[in-house]
Amino acid sequence: MLTENYKKVIETINEACRRCGRSPEEVTLIAVTKMAYLEDLKQAAALGINNFGANRVQDAANQIAVLPRARWHFIGHLQTNKVKDVLPIYRSIQTLDRHSLAKMLQRCAERFDRVAEVLIQVNISGEESKYGLAPEDLPGFLKEISYFDRIKVRGLMTIAPFFDDAEAVRPYFKKLRQLRDRNAESEAELPELSMGMTNDYGVAIEEGATLVRIGSALFDRADS
Ligand SMILES: *Cc1c(COP(=O)(O)O)cnc(C)c1O
């Protein structure tokens, strides 16, 4: 089941890359584990998946114990008091969205003597239910956190609104990419765009996604 799902996902990624003339090597699959069983995880790693995304510190602890050597990315809303638990374990934190969190990341990174690799979460759609910085606040925020020498901003992340028709999501992905282009001297300065989930990752890749976060297409057993 997972093997089949994985094949389909890889095919979809490759096809999307072909459509827009990108190399599949530019796109990293992050397997989002909130619906995964522990036995799925081992199988996923055996298939060659080595990047995983987790939403909740507590729920993910058991999963990380199964695959401690994989690269784990934190993609959920992060409470300031959880930073000390997340920072030593996760390869990146994709949901930096406020100054207080940056302050805590800097403080903990100093304490653990490491650099926090982060993406800034942007609320492109402006939906009230979503976390993330307003696009117009990004320039100021980037400036503020440039003073935190233990925080390395690798790019931007967004959670797009859900539409049945993936084409309807395209403008939001485009906006995230344009926002990056406006706020970076060069693409290399903010290289990562984390956007695209099960319903729309083909379109996200066409619009420049470098990290796609995929859960149900891999782990959903509803139709098995
Ligand atoms: C659950 C989740 C995903 C994966 O969603 P699917 O539609 O199941 O692929 C991606 N990103 C975030 C932040 C999530 O919470």
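Counting convention: from 1, in listed order, for ligands and their atoms alike. Here, residue 1 is the first one in the sequence, and each next residue gets the next number.
Using a 4.0 Å heavy-atom criterion, the residues that approach ligand 1 are Val32, Lys34, Asn55, Ile75, Ile159, Met197, Thr198, Arg213, Ile214, Gly215, Ser216.
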>> Working note: Glu110 + Gln106, criterion side chain to side chain donor-acceptor pair (under 3.5 Å); need CA distance, chi angles, decisive distance, verdict.
In response: CA-CA 6 Å; Glu110 278 172 9; Gln106 167 74 17; 2.7 Å; yes

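For the side chain to side chain contact (heavy atoms under 4.5 Å, CB included) test, residues two or more places apart in sequence or in another chain that qualify with Lys7 are Glu4.
Pairing each heavy atom of Cys17 with each of Ile205, the nearest pair is SG-CG2, 3.9 Å.
The stretch residues 127-143 participates, sequence neighbours left out, in these salt bridge (charged side-chain N to carboxylate O under 4.0 Å, His left out) pairs: Glu127-Lys130.
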Donor-acceptor pairs under 3.5 Å, side chain of residues 48-71 to any protein atom, not counting sequence neighbours: which ones?
residue	atom	partner	partner atom	Å
Asn51	OD1	His73	NE2	2.8
Gln63	OE1	Thr33	OG1	2.6
Gln63	NE2	Thr33	O	3.0

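In this structure, the separation between CG on Leu211 and CZ on Arg154 is 8.5 Å, given to the nearest 0.5 Å.
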